[in-house]
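Below: one structure, written as structure tokens.
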Amino acid sequence: LATGPRQNNGIFYEIRTYDIKPANMKEFLELANKHFHLRTAHSEMVGFWYTDLGALNKVLHIWKYDNFAHRTAVRQALASDKDWQGKFISVVLPMIEKQHNEVAYLVPWCQLGKPPKEGGVYEWVTFQMKPGGPALWGEAFRAAINAHINTGYTRLIGVFHTEYGLLNTVHVLWWNESPDHRAAGRHSAHEDARVVAAVRDSVRFLESQQNVLLIPMQCSPLK
């Protein structure tokens, strides 16, 4: 993390989270897998997941935009897309209890990654850091992330820092072969002196943390 410009271009990511009515979750997922090609025809989707542990009846999808003008053009095109509006939006709107979106940038020391193979599970970790921004806690946070990467048990996909939404929020997306593989790796990491030291330094700036296990949708580019 760094103060000042995060990158030399305007690329950002919109993180959208929907709470689905429990009785409609299965139907929503089926409709999304069937019709989301209509949405991805308009702009690039990074991934689409549903929650399995840490939160229930939620879906999360991430969209990549070149800049804010690009997003505006896409939103206007979606509003005029009769297939998208008729086959998906109008059908699923009654199933949605709540929507939340954030705009975030990849931190400059992280490129968006991919898992080594299809399958596995994703972990979405949300850190609420103390006010002061990356100038206060960025270096310690990066060290803690790198300490986990260096253990080799997990694969980093992306680190996102919010620009709109709750500020001083960092989302970290990890990939693991399975929940059990993740659990075994975490136990080993907790006994690694390098990880313990890095986390101990970073946690000084932490206000809260939430971990959610995500399952990729069939229509998700990241599987």
Before giving the answer on side-chain contact (heavy atoms from CB on, under 4.5 Å), spell out for N211 and R182 the whole-Å C-alpha distance, their side-chain angles and the decisive distance to 0.1 Å. CA-CA 12 Å; N211 294 38; R182 182 261 184 195; 3.5 Å; yes

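- For the atom pair NE2 of H61 and OG1 of T40, the computed distance is 12.0 Å after rounding to the nearest 0.5 Å.
- For H161 and W109, the gap between ring centers reaches or exceeds 6.0 Å.
- Of the possible polar contacts, one joining the N33 side chain to the L29 backbone as a donor-acceptor pair under 3.5 Å is found.
- Taking CD1 from I11 and CG from N67, the interatomic distance works out to 9.0 Å, rounded to the nearest 0.5 Å.
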Does the side-chain contact (heavy atoms from CB on, under 4.5 Å) test come out yes or no for W124 and I62, once each step is laid out? CA-CA 12 Å; W124 182 252; I62 303 175; 3.9 Å; yes

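- For R16, the CZ atom counts as densely surrounded, since its 6.0 Å shell holds more than 12 non-hydrogen atoms of other residues, nucleotides or ligands.
- Considering only heavy atoms from C-beta on, V170 comes within 4.5 Å of V159 through its side chain.
- For Y122 (side chain) and K223 (main-chain N/O), a donor-acceptor pair under 3.5 Å exists by modelled atom type.
- Within a 6.0 Å sphere centred on CD of Q218, other residues, nucleotides and ligands contribute 12 heavy atoms or fewer.
- Using a 4.5 Å cut-off on side-chain heavy atoms (C-beta onward), P216 and L222 make no contact.
- Within the 4.5 Å cutoff, the side chain of M25 has heavy atoms near those of the Y50 side chain.
- Heavy atoms of other residues, nucleotides or ligands lying less than 6.0 angstrom from NE2 of H190 number more than 12.
- At least one donor-acceptor pair under 3.5 Å links the side chain of S90 to the backbone N or O of Q85.
- The closest side-chain heavy-atom distance from M45 to R39 is not below 4.5 Å.
- In terms of modelled atom types and a separation under 3.5 Å, the side chain of R142 and the main chain of E139 share no donor-acceptor contact.
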When you look at W63 and F12, which way does the ring-ring contact (aromatic ring centres under 6.0 Å, His included) test go after all the steps? CA-CA 8 Å; W63 300 90; F12 66 85; over 10 Å; no

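- Around the CZ atom of F68, the shell of radius 6.0 Å holds more than 12 heavy atoms that belong to other residues, nucleotides or ligands.
- In this structure, Q128 contributes its side chain and L167 its backbone to a donor-acceptor pair below 3.5 Å.
- Residues L206 and M129 meet the side-chain proximity criterion, which asks for heavy atoms closer than 4.5 Å.
- No more than 12 heavy atoms of other residues, nucleotides or ligands shown are found within 6.0 angstrom of CZ on R194.
- Judged as a side-chain contact (heavy atoms from CB on, under 4.5 Å), and not counting sequence neighbours, the contacts of T154 are W174, N176.
- Under a hydrophobic-cluster definition in which Ile, Leu, Val, Met, Phe, Trp and Tyr are linked whenever side-chain heavy atoms come within less than 4.5 Å, directly or via other members, V196 and F205 are assigned to different clusters.
- N57 contributes no side-chain N or O that, together with a main-chain N or O of K21, makes up a donor-acceptor pair within less than 3.5 Å.
- C219 is not listed as a side-chain neighbour of H37, based on a closest heavy-atom distance of 4.5 Å or more.
- Every ring pair (Phe, Tyr, Trp, His ring centres under 6.0 Å) that F160 has, sequence neighbours left out, goes to Y13.
- Using a 4.5 Å heavy-atom threshold, the side chains of P179 and L213 count as touching.
- Looking only at side-chain heavy atoms (C-beta outward), F88 and K34 stay at 4.5 Å or farther from each other.
- A donor-acceptor pair shorter than 3.5 Å cannot be found between the side chains of Q99 and N101.
- Annotation for S202 and A140: closest pair CB-O, 3.7 Å, computed over non-hydrogen atoms.
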Kindly determine whether N168 and K130 satisfy side-chain contact (heavy atoms from CB on, under 4.5 Å), including the steps that lead there. CA-CA 7 Å; N168 294 297; K130 290 183 178 179; over 6 Å; no

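- Annotation: Q111, atom CD; neighbour count of heavy atoms from other residues, nucleotides and ligands within 6.0 Å does not exceed 12.
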Worked verdict on K117 versus W175 for side-chain contact (heavy atoms from CB on, under 4.5 Å): CA-CA 10 Å; K117 59 183 178 181; W175 177 90; 4.1 Å; yes

